[in-house]
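Here the structure is laid out as structure tokens; the discussion comes afterwards.
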Amino acid sequence: MSDSPNSPPAKGLSISQRAMAARGPAAGAAPDYLAGLNPEQRLAVETTEGPVLVLAGAGTGKTRVLTTRIAHILATGRAYPSQILAVTFTNKAAREMKTRIGLLVGEAVEGMPWLGTFHSIGVKILRRHAELVGLKSNFTILDTDDQIRLIKQLIQAENLDDKRWPARTFANLMDGWKNKGLTPEKIPEGDARAFANGRGRELYRAYQDRLVQLNAADFGDLLLHPIRILSEHKDILADYHRRFRYILVDEYQDTNVAQYLWLRLLAQRPKTERSTLPGDTTQGRTAVAPDGTPPRSEPLGGGGGSEVNVCCVGDDDQSIYGWRGAEVDNILRFEKDFPGAAVVRLERNYRSTAHILGAAGHLIAHNEDRLGKTLFTEKSDPEDEKVTVTAAWDSEEEARAVGEEIEQLQRKGHLLNDMAILVRASFQMREFEDRFVTLGLNYRVIGGPRFYERLEIRDAMAYLRCICQPADDLAFERIVNTPKRGLGDAAIRLLHDFARARGIPLLAAAAELVTTDELKPKPRAALAEVVANFTRWSDQLSTMRHTDLAEMVLDESGYTGMWQNDRSAEAPGRLENLKELVRSMDEYESLPSFLEHVALVMDAEHAEELDAVSIMTLHSAKGLEFETVFLPGWEEGLFPHQRSLDEGGRSGLEEERRLAYVGLTRGKKRVKLWFVSNRRIHGLWQSTIPSRFLDELPEEHVDVIEASSSYGGYGARGFGDYGASRWDQNAFSASSYQTPGWRRAQAASGGAHASHKDRTVSYDENGATGQNLRARRPDAASRADRYIARDGGAAGAEREPTAFDRSGFAGRLTEPFSASHGRGRNEPPRKGAGLYSSARNGGPREISGELVAKSVAVEESRFGVGDRVFHLKFGNGTVAVVEGNKLTVDFDKAGQKRVLDGFVDAI
DNA sequence: CCCCAAATTATTTTT
DNA sequence: TAATTTGGGG
């Protein structure tokens with residue numbers, strides 16, 4: 001959050017506010033940590049007693065309030081660090097708070113054990129009382145992958161068709177239930193019947209039972225179990241009530257029902273309990289602060305049912321996770337839940353220009369369900385740029401034009417790090433990536449596949465889990481036959497049955513099984529080795545450094561070897577990742593603590609020092625800010641997304657609008673909106689109309705740009721000028737020879753060749769050393785080459801007026817001009833000449849397709865076309881085609897088949 | 001166990 | 001369209 005300018009001295013304040021602001025711990029002077037706060041922030045910080053809701057708009061210094069509030073509580077001696085419960089949603093937010101509190105109060109943060117995410121605090125509580133829900137305190141935390149495999153087993157065990165009832169679907173369903181705090185007994189009958197031939201409830205129950213057997217908990221359980229413990233054991237609850245004097249919650253608008261219930265248990269003391277907690281003097285501090293602050297700020301508190309000092313900070317306008325179970329309602333009804341709550345609005349924005357705020361504010365005002373805030377700024381500079389709206393013909397052009405704008409800003413000395421492209425859906429990223437690769441523009445994709453989610457990391461983790469937790473069957477299953485040890489289906493099934501019959505974990509069962517002769521000698525020996533390995537490794541757990549142990553395990557198990565022998569393109573990257581894994585373990589003092597970290601954090605952090613444009617979804621942009629923000633794809637159907645509209649109705653639309661609001665408010669100086677008239681969706685070209693959100697922007701803060709004007713050398717044109725005529729030209733002058741379909745056909749027939757393929761591409765090769773630079777899939781290089789080639793072919797054309805010139809931006813944004821271009825819905829759009837094809841050059845010159853020949857050294861076949869051959873299964877036939885060692889043979893009886901050279905004999 | 005062809009399915013994602 | 005998952009066959 002912006003730490004920017006301090007508030008002006010307390011002018012324009014009421015006397016009481018000033019008096020309040022001046023009230024410090026000693027007499028008179030406020031402590032310096034309060035000095036930079038504006039009056040509202042200060043109110044939010046100093047209203048320590050009683051329930052407080054801080055409605056913090058985007059860029060109003062929310063994090064600052066939260067951290068200062070904690071610092072204030074500590075500095076005034078109202079509580080010990082261990083008596084403050086502070087919850088955030090993400091690890092990142094928790095980390096940031098920790099550092100910032102550290103800066104404010106020094107080392108005391110080390111003693112803030114209860115600052116963390118909902119889940120990490122849930123784990124903490126659960127570990128203390130695990131036995132109350134049938135777990136041991138060293139339970140494992142399952143990731144989604146484990147979960148799905150487990151569910152699949154259960155579905156199969158129930159003799160259900162796992163095609164018809166996919167495990168993933170059920171996992172999502174169950175996730176939804178858990179988000180709502182529903183245990184198997186409590187799920188609605190309808191939900192229960194909707195899955196697995198009406199056996200949803202049984203399945204859920206079976207799943208929970210299995211988790212207990214496995215001594216495991218999934219993410220949902222990290223909240224649900226504590227809820228159960230706290231509501232069933234009043235003494236434990238009372239204990240936590242006594243412990244937590246102050247509760248703070250970040251991003252309250254994102255809490256789901258389960259989190260809400262959890263919080264309410266901790267925050268709302270029943271009246272009966274209040275009498276049993278007289279003044280809390282047992283804790284060694286008095287509830288009344290040394291400076292004599294009254295327990296509750298007088299003008300605000302009304303005296304209600306709760307006594308805990310809970311402070312929730314959030315912004316209803318930024319609630320964008322409804323689809324994940326978040327309930328905006330939680331924040332909307334805060335005052336009902338906590339009667340007499342003080343509500344502080346932070347509306348003074350330190351981030352964006354007045355134009356950006358004006359645009360965002362006008363847009364979000366179209367929502368009905370909101371508490372209502374209007375952001376304002378004191379900065380105003382006539383130089384400030386308005387929010388721009390630009391049209392492009394299609395997404396490719398959009399990417400091209402954005403790329404050019406970025407390069408132009410860069411030439412003016414702007415840092416790429418200060419720019420971001422925020423998209424609605426991740427498929428939009430690709431076009432930008434491709435474009436930037438051809439430009440050699442550094443970019444960084446935020447989000448996407450995470451370090452700990454990678455295959456090799458999960459495998460490695462499974463080994464480590466088995467060592468720490470011999471009962472972790474899921475982990476064991478994952479790696480018994482990885483690397484391949486000849487333990488196939490048959491052997492594993494036998495092991496399973498054996499284990500189930502005895503009711504013991506797989507590893508233990510394996511140890512026993514190998515002493516019998518139930519397995520064939522080969523698998524038996526293999527399994528015996530696995531068992532011996534694990535026994536040995538477990539023994540060394542206490543004697544060896546965990547990093548050394550991990551290295552040894554990966555080595556001795558043959559896992560590293562497996563990748564070393566793998567000749568595929570991704571193998572080196574995977575090995576690198578494994579090294580990185582071991583390296584990152586170094587920061588943790590033991591294997592179990594590392595395992596827990598991985599389960600909860602799921603991501604490795606990496607410093608990113610490169611200057612690069614960020615590309616990410618709007619969702620992952622929440623909480624960030626950039627000097628310049630590009631918001632492409634503002635079209636109906638994409639944004640607002642059709643699916644949100646279909647499934648969410650009005651509230652779905654409102655959530656989309658909040659997303660738009662989030663997007664706009666990420667920008668500090670410049671926000672640039674784009675929409676295209678044609679977009680390819682699932683391979684079909686669709687005409688699109690501009691997003692309704694564009695119409696919800698106030699004219700006075702928005703400039704409508706004719707795309708090419710700013711850099712095409714054609715001079716700026718006013719809004720609406722020439723729009724229709726250029727559009728006409730565009731619509732009717734293009735020949736069908738320029739349709740992508742036609743060009744594709746040309747390319748496929750092998751017409752053109754690439755000449756410039758040696759552009760510099762700069763990106764991190766394998767993504768191993770930074771979660772931010774997207775992991776390069778093995779195919780990525782060839783994809784890049786493909787586009788470099790394409791650019792080469794078009795290089796000459798680039799300087800010409802692009803089709804962008806004719807983008808058909810016809811004055812009124814809403815006019816569905818593109819829908820009436822006189823072509824069928826699914827026909828590819830016609831582009832003006834000049835992009836990849838040049839009419840002057842007399843024809844399309846687009847090159848697509850793989851440039852890099854798949855030049856695998858092909859083995860010569862000993863057969864030739866026309867040879868007569870014999871095949872064991874298909875009988876006699878004539879060779880029709882020879883491709884390396886693969887033959888296409890016309891068999892006399894069996895028809896044409898492709899067979900491997902080695903499977904036939906000459907006749 | 002590996003390879004290929006057919007089928008499937010295409011928001012947003014943290015913990 | 002294109003990426004991914006699955007099932008059959010070698």
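Per chain, numbering begins at 1; letters A, B, ... match sequence-line order. Remember, it's a predicted structure, so these values are computed and weren't measured experimentally.
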What pattern of brackets, bars and dots sums up DNA chain B from 5' to 3', given Watson-Crick or G-U wobble pairs under 3.5 Å, [ ] for crossing pairs and | for another strand? ||||||||||.....

Are Arg658(A) and Tyr661(A) in a cation-pi contact, defined as NZ or CZ under 6.0 Å from the six-membered ring centre and within 45° of the axis? no

Identify whether NZ of Lys or CZ of Arg in Arg127(A) sits under 6.0 Å from the centre of the six-membered ring of Phe139(A) and within 45° of that ring's axis. yes

Using a 4.0 Å heavy-atom cut-off across all strands, classify [X] as base, sugar-phosphate, or nothing.
X	result
Asn91(A)	sugar-phosphate
Glu656(A)	base
Asn179(A)	nothing
Phe219(A)	base

Cationic N near anionic O, under 4.0 Å, Arg458(A) to Asp143(A): yes

Would you call Glu654(A) and Arg650(A) a salt bridge, using N to O less than 4.0 angstrom? yes

Ring centres of Tyr260(A) and Trp262(A) under 6.0 Å apart? no

Atom-to-atom span, CZ of Arg643(A) to C1' of dT9(B) - whole angstrom: 10 Å

Separation of dT14(B) atom P from Ile320(A) atom CD1, nearest Å, is 11 Å

Can you check dT11(B) for me, syn or anti if syn means within 90° of 0? syn

